[in-house]
Amino acid sequence: MQDEILLTPWRNFPFEDSDPFASADEEKWDFVLVSDIHEVGSVKEIKRKKFLDELSKKGFTIKKIEDKKLFYGVRAPKHIFRKYQWLLRNPQDSQLQDSDARHDIPVTTRIRIVNFILQNTVTPDLEKLHDLKKKNVFEAMFPLHEKEEVREFLKEKWARWRDIFCQQPIEKIRCYFGEKVALYFAWLGWYTYLLGFAAMIGLVVFVAGITVFNSSQVSKEICEANNTIMCPLCDQKCPFWLLSDTCTYARVTHMIDNEGTVLFAMFMAIWATVFLELWKRQRATVVTNWDLYRWDEDEEELALELINNLQHEPRRYQHSYLRSTIVLILVLVMIAVLIGIAHALVIYRVVVTALFTQSDSEFFREQANTVAVMTGAVLHYLTIVIMTKVNRRVALFLCDLEKPRTFSQRENNFTIKIFIFQFFTNFSSLIYIAFFLGRINGHPGNYVRIAGKWRLEECHPSGCITDLFIQMAIIMMLKQTISNVMEYLIPWIGHKIRTRQKRPKKRNMVLGEEEEPEDPCKKQWLSNYQLNEVNIFSLFDEFLEMVIQYSFTTIFVAAFPLAPLLAFCNNLFEIRLDAIKMMRLRRRMVPRKANDIGIWLQVLEAIGILAVIGNGLVIAITSDFIPVQVYKYTYSPCMTENSTTVDCLTGYINHSLSVFHVQDFEPHTKLAENQTDFVSGKITECRYRDYRNADDYSYTVQFWHVFAARLAFLILFEHVALCVKLIAAWYVPDVPQSVKNHVLDEKHSNLRKELSMMEYSTEV
């Protein structure tokens with residue numbers, strides 16, 4: 001069953017809307033609305049009819065096709081688009097694009113205008129399409145993927161894995177998906193391109209660390225410390241152990257923690273600035289070519305409001321201190337919850353370490369800390385997956401409380417909140433490992449405990465940076481493998497299932513019966529309906545994923561030099577994965593006009609500053625770089641004995657370990673009954689990582705020297721890095737001179753024309 005309602009458009013515009021030469025088969029539909037088949041006279045059926053009647057009053061042509069669902073194709077009258085062109089006089093509409101020749105307006109602009117009118121059409125019951133979808137009056141609405149030349153080009157030359165190393169056709173993407181999507185892919189391509197340089201240098205730093213795997217003096221001392229007895233790792237029946245047992249762990253630590261890491265951290269701080277400055281130049285060039293450099297989003301939204309309703313009054317700017325205070329308090333509460341989850345992960349690590357150190361398995365006893373770190377990282381990844389969904393709902397709720405004036409303002413508010421929540425979700429545990437692990441746990445005889453029972457974790461004698469390395473490696477690899485695989489497989493499997501379920505069965509024909517011709521629109525609409533749904537967050541999710549990755553790549557890169565390489569490899573696949581999803585697995589996204597990536601740029605700049613602070617703290621606090629340098633230039637044989645025949649780091653490990661008398665253990669501490677056989681006789685003292693006196697366990701002078709050096713390095717590093725960032729930002733102009741000259745010439749030409757017209761009118 002099908003019918004078509006051709007309605008007389010509203011005539012209040014000096015142009016004819018009908019086209020007598022247009023073929024019905026060639027007619028294109030701007031949007032398709034999908035509804036269940038409701039009972040005649042039911043509430044839902046009445047509401048649907050009222051909405052369609054409102055569209056009819058605005059001059060929309062509506063076509064109905066009935067299958068298992070009701071499909072309504074809607075096409076806007078031409079006068080709507082002429083009003084848009086007249087109000088904005090947008091030069092880009094006259095450029096060569098994938099245009100509907102009959103209306104002489106880009107298809108992306110048509111879809112955007114029609115979507116705005118559909119979303120803002122109000123029924124007599126004061127309900128909009130959003131309300132009707134909530135009440136299941138309509139199930140879906142979407143623009144159509146059509147067999148256009150641009151789409152076929154993108155499917156063959158862009159949305160294929162074989163094109164992974166090919167340049168993206170940004171102009172074609174803009175013609176089909178609009179400027180916002182095109183800018184996303186332009187930004188992602190530029191980010192990936194520059195990430196390649198950071199990845200190569202990070203790989204060089206990592207390989208250089210491998211070359212000193214066996215040559216580090218500190219690692220040698222740990223591996224040869226066969227007589228250094230370390231204090232037990234737990235309170236209940238844990239044995240003493242030899243420092244040399246952790247030889248491999250120490251070598252891995254010093255493979256990461258070396259002078260090259262410091263230089264690479266400084267490089268990444270500069271790289272982040274240069275990347276953003278070059279992107280600003282790239283973006284200025286691109287949007288100038290699109291004639292959108294001075295485009296005003298507020299003006300466009302006001303124009304669309306007036307086209308939809310001539311009596312529309314703009315919504316005024318408002319600010320409520322009470323509402324802002326409530327939102328701020330709720331944001332702080334949510335941040336506290338996320339920090340609480342990080343604390344739960346800490347407790348998990350502490351408890352697991354205590355359980356494994358008492359295990360019957362020798363492997364688990366020896367590798368208790370490593371196992372706790374690795375399982376904790378997996379658990380952290382699972383909390384990220386779960387809390388991402390929770391964070392979205394909370395951020396949306398807070399945006400509703402704020403009552404933003406426009407959609408773009410709502411999007412910006414939502415972006416800030418979701419990024420803050422995601423930042424704490426992703427990085428709270430990493431911040432604990434980097435800056436608190438092993439520094440707030442006390443010392444033997446006076447440990448800090450959770451619930452008075454489990455003592456906090458300790459750092460390995462060679463430092464905590466390996467724990468941070470393991471945590472980051474596991475999270476990044478899981479996010480870039482499992483998450484991406486699921487991101488592709490779920491929509492692919494869903495599309496295949498829906499396609500098979502909806503595939504019509506061929507009816508057996510009776511002899512002599514002629515097959516009824518099927519409407520060509522029906523097959524097209526059904527195939528589009530069977531694709532995966534898109535929403536306003538589809539592109540937002542892609543941006544958020546990349547910005548979080550950018551945070552991992554820059555903020556803690558001092559502990560994980562391979563982060564840029566993993567991000568680079570991931571992005572090569574991410575570009576094609578997103579392209580395939582948009583072209584083959586999802587319904588067509590509603591195009592949106594834009595001349596930049598919006599508030600994401602401010603977020604990226606904030607991450608750049610956090611990267612300087614984070615890497616400075618990692619080197620100053622997490623890394624052993626500062627204690628090693630203090631020892632080398634203050635306490636080493638080279639300085640105290642003027643010896644040049646020995647390595648200046650000789651004796652560092654012994655210098656960094658304090659002595660504890662076994663008799664001073666807490667009363668409830670139970671030592672292992674069967675002590676290991678690496679010593680004869682009773683053990684009277686053991687060593688632990690800290691700078692404390694053996695008598696009263698107070699801090700030594702060396703501790704304060706190291707503390708002062710850490711603080712001085714942190715201040716120096718951050719000031720130097722920030723100064724270099726500012727110099728780089730000044731040295732690389734945001735806008736190329738060619739763009740400035742183009743804008744200048746355009747202003748000059750327009751003024752000249754205005755003056756010529758004035759003189760001509762005066763003469764006449």
Side-chain angles (χ1 to χ4, degrees), residues 3-33 51-65 71-122 129 141-151 174-176 178-179 291 295 299-312 520-521 524-525 588 590-593:
D3 55 10
E4 183 170 355
I5 311 168
L6 296 174
L7 299 157
T8 304
W10 170 48
R11 304 288 180 181
N12 195 19
F13 204 76
F15 294 100
E16 182 65 21
D17 287 320
S18 61
D19 188 349
F21 301 103
S23 168
D25 294 334
E26 295 176 351
E27 288 175 346
K28 295 183 178 180
W29 299 92
D30 300 317
F31 257 85
V32 172
L33 301 174
F51 181 79
L52 296 176
D53 286 344
E54 290 299 319
L55 294 181
S56 300
K57 292 176 184 178
K58 294 180 179 181
F60 276 73
T61 302
I62 304 173
K63 177 174 181 175
K64 183 175 81 171
I65 293 179
F71 295 85
Y72 294 93
V74 297
R75 182 171 62 247
K78 291 200 299 183
H79 70 77
I80 285 179
F81 308 114
R82 291 199 180 104
K83 286 181 179 180
Y84 175 84
Q85 289 177 310
W86 178 258
L87 286 174
L88 296 178
R89 296 180 180 85
N90 197 334
Q92 72 100 16
D93 286 334
S94 63
Q95 291 184 349
L96 180 61
Q97 285 201 43
D98 180 23
S99 302
D100 184 338
R102 295 180 298 109
H103 293 148
D104 193 30
I105 192 169
V107 172
T108 53
T109 303
R110 285 184 61 91
I111 295 173
R112 188 172 69 253
I113 296 171
V114 173
N115 175 69
F116 185 89
I117 294 174
L118 290 176
Q119 296 285 3
N120 290 276
T121 295
V122 183
L129 184 58
M141 59 170 288
F142 51 86
L144 293 167
H145 281 296
E146 301 188 56
K147 289 190 176 180
E148 307 166 26
E149 182 181 347
V150 175
R151 182 176 184 239
R174 178 212 176 196
C175 291
Y176 194 75
E179 289 79 7
D291 286 330
W295 172 75
E299 184 182 10
E300 166 126 347
E301 187 160 338
L302 287 172
L304 292 175
E305 291 282 8
L306 289 171
I307 292 170
N308 181 55
N309 179 13
L310 191 58
Q311 307 304 319
H312 171 265
C521 291
Q524 182 193 22
W525 294 1
R588 188 171 186 172
V590 176
R592 289 185 58 192
K593 186 177 283 190

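Contact check for Val114 versus Phe81: side-chain heavy atoms found under the 4.5 Å cut-off. Side-chain atoms of Trp295 and Leu88, non-hydrogen and from C-beta on, never get closer than 4.5 Å to each other. At a threshold of 4.5 Å between non-hydrogen side-chain atoms, the residues Phe116 and Ile307 do not count as touching.
In terms of the salt bridge (Lys or Arg N to Asp or Glu O under 4.0 Å) criterion, residue partners of Glu54 (sequence neighbours excluded) are, by chain and number, Lys57. Partners of Tyr72 according to the ring pair (Phe, Tyr, Trp, His ring centres under 6.0 Å) rule, which considers only residues two or more places apart in sequence or in another chain, do not exist here. With sequence neighbours left out, Asn308 forms a side chain to side chain donor-acceptor pair (under 3.5 Å) with Lys58.
Ring planes of Trp29 and Trp525: perpendicular class, angle over 60° (limits at 30 and 60°).
Panel note: side chain Asn115, backbone Ile111; no donor-acceptor pair is recorded below 3.5 Å. One N or O on the side chain of Arg588 and one on the backbone of Leu144 form a donor-acceptor pair closer than 3.5 Å.
Pairing each heavy atom of Ala76 with each of Asp30, the nearest pair is N-OD2, 2.9 Å. When every heavy atom of Gly178 is checked against every heavy atom of Pro591, the shortest pair comes out as CA-CB, 3.9 Å. The minimum heavy-atom distance between Gln524 and His145, with the atom names listed, is NE2-O, 3.6 Å.
Atom CZ in Phe60 sits 6.5 Å away from atom OG1 in Thr121 (nearest 0.5 Å).
For the pair Lys593 and Glu179, the salt-bridge criterion is not met [side-chain N within less than 4.0 Å of a carboxylate O].
Judged purely by distance below 3.5 Å, without hydrogens or angles, the side chains of Glu300 and Tyr84 pair a donor atom with an acceptor atom.
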